[in-house]
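Structure record follows, encoded as structure tokens.
Every chain is numbered from 1, with letters handed out A, B, ... down the list of sequences.
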Protein chains: 2
Amino acid sequence: MRPNKREELVQKALDAYNRHGFQATGMDLLVRETGISKTSMYKHFSTKDDLILAVLERRDALFRAWLIERMQALGKTPIARILALFDVLEEWFAMPDFQGCMFIRAAAEYQDKTHPIRQQSARHKQQVEDILKNLAQEAGLENQGLLARQLVLLKEGAIIAAHVQLSATAAADAKAAARLLLGQ
Amino acid sequence: MRPNKREELVQKALDAYNRHGFQATGMDLLVRETGISKTSMYKHFSTKDDLILAVLERRDALFRAWLIERMQALGKTPIARILALFDVLEEWFAMPDFQGCMFIRAAAEYQDKTHPIRQQSARHKQQVEDILKNLAQEAGLENQGLLARQLVLLKEGAIIAAHVQLSATAAADAKAAARLLLGQ
DNA sequence: TTTGATGTGTACCGATCAGTAATCTTATGA
DNA sequence: TCATAAGATTACTGATCGGTACACATCAAA
């Protein structure tokens, strides 16, 4: 089993799940869209859920790396970087293939709280929260825990507003609220 | 076609979709859980999507009526009622059958932006926002539009945090942030 | 008591679901 | 050049999908 084939599969499956959803993307559709045979897929991942978990892992790594990189590029101080979160969201929402947050969708499609896919989604959200908590700590702010949780509320709310309501101002509205939270 | 049978079907389908999700709830499962025959179902709704739309309409009516009633009961002034939104969320999150927001889940499961189910979800979110905007107007606050949108961000964020992250403080965190937005 | 509408039970349709088996092809390394 | 393993191809499994056909039961009104 060539590891690059595995990577190719995960990448292409990520695209497919992003476009059609998890349950709506059958293994046969995956074969059609990736050009990779079903036998090869099942050599790398013994079940569909295993593949989805690998896709979520990849998405988590890609998203967090992108988020950190953009926040650092757009802001020079810790507080500026926290506020830059919402500019990064704005960039994300404007992408033509924006379909909401993959982890929110995963949690929506897998109702069982104990399902590994649900736990992976919860872990992702926690890790993003930790990024914000660390920045708040760097900035010397008080109540970093509460502040990070509230910033996350604004972030998740903006994602929903942009995705479900198709709000064009979601990121800017959230940024204005974040300024208040930060006392800026 | 007796209208009460239709109501019974919509109510029981609402329960089933809430417990298992939309795509995961097949028509055969619905027959098993509701005790209503498939033939009767298809006499009232010609497709599964039509049934889901009726379920969402009912959920929208029930949720908004409940929200307004609880906000009025928990707060006596417009501002107190706005803040009571987050106490109502707390009550909701504590319910044993809480599975997140049905409209967020619907938007997550139906990726096509033009799908009627998506449009219904967007409409619901807009109508909740309008409730808050009206309260802000009653309170004589400025920038009612922005304020209502930001309160919605906190509400949606709290729903996601409570559902995906299983945050126990989501409603309280959101309420504290809302106090800042309201200048309270 | 008959009639027509409403509802039920059951069996079925073709399509698709996740997953498997067996055979053939291709690329790699010695 | 040859052996080995990865991948492709094709066909298949039993289960389930949304939706339908048809015969039978129930009920109300005429």
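- Between B/His163 and B/Phe98, the ring planes lie perpendicular to each other; the angle is over 60°, past the 30° to 60° tilted range.
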Original post:
Where do B/Glu33 and B/Lys12 land on the salt bridge (charged side-chain N to carboxylate O under 4.0 Å, His left out) test, with the steps shown first?
Top reply: CA-CA 8 Å; B/Glu33 293 212 352; B/Lys12 289 184 173 174; over 6 Å; no
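- Comparing atom distances between the A/Asp28 side chain and each of C/dC17, D/dA8, C/dT10 picks out C/dC17 as nearest.
- Rounding to whole angstrom units, CG of residue A/Leu29 and P of D/dC17 are separated by 19 Å.
- Between B/Phe103 and B/His124, the two ring planes are parallel [angle under 30°; tilted spans 30° to 60°].
- Between the CG atom of B/Leu9 and the C1' atom of C/dG7 there is a distance of 13 Å, rounded to whole Å.
- Atom CD of A/Gln184 has more than 12 neighbouring heavy atoms from other residues, nucleotides or ligands inside a 6.0 Å radius.
- The CD atom of B/Gln23 sits 18 Å away from the P atom of D/dT16 (whole-angstrom rounding).
- Across the protein-nucleic acid pair, B/Phe45 atom CZ and D/dT20 atom P stand 15 Å apart, rounded to whole Å.
- What separates CD of A/Glu8 from P of D/dA6 is a distance of 17 Å, to the nearest Å.
- Projected onto DNA chain D by closest heavy-atom contact, A/Ile36 and B/Gly26 fall at different nucleotides, the more 5' of which corresponds to A/Ile36.
- Note: NE2 (B/His20) to C1' (D/dC17) measures 16 Å, nearest angstrom.
- Residue B/Ser37 places its side chain closer to C/dT8 than to any other of D/dG19, D/dG7, C/dT8.
- For the OP1/OP2 pair of D/dA6 and a distance below 4.0 Å, the side-chain nitrogens and oxygens of A/His44 include no atom meeting the criterion.
- At a cut-off of 3.5 angstrom, the base of C/dG19 holds at least one donor-acceptor pair with the side chain of A/Lys38.
- Distance NZ (A/Lys43) to C1' (D/dT9): 12 Å, rounded to an integer number of Å.
- Nearest nucleotide to the B/Met27 side chain, out of D/dA8, D/dG18, C/dG19: D/dG18.
- Taking for each of A/Thr25 and A/Thr39 the nucleotide of DNA chain C with the nearest heavy atom, the 5'-most of the two is the partner of A/Thr25.
- Side-chain atoms of A/Tyr42 lie closest to C/dT20 of the nucleotides C/dG7, C/dT10, C/dT20.
- Ring planes of A/Tyr110 and A/His115: tilted class, angle from 30 to 60°.
- Atom NZ of A/Lys48 and atom C1' of C/dT20 are 17 Å apart (whole Å).
- Both A/Arg32 and B/Met41 lie near DNA chain C, and the one whose nearest nucleotide falls closer to the 5' end is B/Met41.
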